[in-house]
Amino acid sequence: VQLQASGGGLVQAGGSLRLSCAASGRTFSSLAMRWFRQAPGKEREFVAAISWSGGSTYYADSVKGRFTISRDNAKNTVYLQMNSLKPEDTAVYSCAAGPPGSRSADDMDYWGKGTQVTVSS
């Protein structure tokens with residue numbers, strides 16, 4: 001499975017962005033998907049996860065209520081809708097696939113190249 005994230009950019013605080021992660025390969029619909037982010041000088045952190053069916057979603061406390069993860073298995077794509085963005089959301093956002101139930105980057109099997117999100121104050 002190959003993953004490619006897109007949709008990042010520069011936005012003012014309070015604004016919105018929608019990230020997309022396009023996947024190639026026939027197994028996408030069976031994969032639990034995540035979004036992670038890494039800010040300069042910081043560890044990579046879990047942002048959100050979605051089950052293979054889209055029926056279950058999970059969020060880091062820092063983004064709960066502001067971000068929404070979703071997926072379209074017919075399009076082999078997972079999305080991250082980010083609203084009410086804050087300067088502390090500035091990071092490189094990457095999508096990843098791995099076994100269900102894990103929020104650890106070390107457990108992920110597939111990674112996409114990240115996309116930069118910059119939130120100005």
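The residues of the chain are indexed from 1 along the displayed sequence.
Within the 4.5 Å cutoff, the side chain of V47 has no heavy atoms near those of the Y59 side chain. Side-chain contact check for T57 versus S70: every heavy-atom pair is 4.5 Å or farther apart. The shortest distance between side-chain heavy atoms of R37 and E45 falls below 4.5 Å. Annotation: side chain of V117 is not in contact with side chain of T90 (no heavy-atom distance under 4.5 Å). You'll find the side chain of L3 reaches within 4.5 Å of the side chain of M33, heavy atoms only. Between T68 and L80, every side-chain heavy-atom pair lies at or beyond the 4.5 Å cut-off. The closest side-chain heavy-atom distance from L85 to F67 is below 4.5 Å.
The two atoms that bring Q38 and K42 nearest to each other are NE2-O, 3.1 Å, heavy atoms only. A13 and S121 get closest at one heavy-atom pair: CB-CA, 4.3 Å. Taking both residues in full, the closest heavy atoms of A22 and T77 are given as CA-OG1, 4.2 Å, listed atom of the first, atom of the second, then distance. Taking both residues in full, the closest heavy atoms of D89 and S84 are given as OD2-O, 4.4 Å, listed atom of the first, atom of the second, then distance. The nearest pair of heavy atoms linking S51 to G55 is OG-N, 3.3 Å.
In summary, the side chains of D107 and S102 do present a donor paired with an acceptor at a separation below 3.5 Å, with no hydrogens or angles considered. For the residue pair S16 and N83, a side-chain donor N or O sits within less than 3.5 Å of a side-chain acceptor on the partner.
Counting only distance, with no hydrogens or angles, the side chain of N73 and the backbone of W52 share a donor-acceptor pair below 3.5 Å. Of the possible donor and acceptor atoms, none in the side chain of R34 sits under 3.5 Å from a partner among the backbone N and O of S94.
Separating the SG atom in C95 from the CZ atom in R71 is a distance of 11.0 Å, to the nearest 0.5 Å. Between the CG atom of L17 and the OG1 atom of T118 there is a distance of 9.5 Å, given to the nearest 0.5 Å. Of the inter-residue distances, the one linking S20 atom OG with R18 atom CZ reads 5.0 Å to the nearest 0.5 angstrom. For the atom pair OG of S120 and CD of Q12, the computed distance is 5.0 Å after rounding to the nearest 0.5 Å.
If you chain together hydrophobic residues whose side chains sit under 4.5 Å apart, Y110 and I69 fall into the same group. Y79 and Y93 end up in different hydrophobic clusters when Ile, Leu, Val, Met, Phe, Trp and Tyr side chains are linked at under 4.5 Å. Hydrophobic clustering, with ILVMFWY side chains joined whenever heavy atoms are under 4.5 angstrom apart, groups M82 together with V11.
In this structure, Q116 places its CD atom where more than 12 heavy-atom neighbours from other residues, nucleotides or ligands lie under 6.0 Å away.
Residues F36, Y58, M108, W111 make up the rest of the hydrophobic cluster containing F46, defined by ILVMFWY side-chain heavy atoms closer than 4.5 Å, directly or through other members.
With salt bridges taken as basic N to acidic carboxylate O contacts below 4.0 Å, one links K64 and D61.
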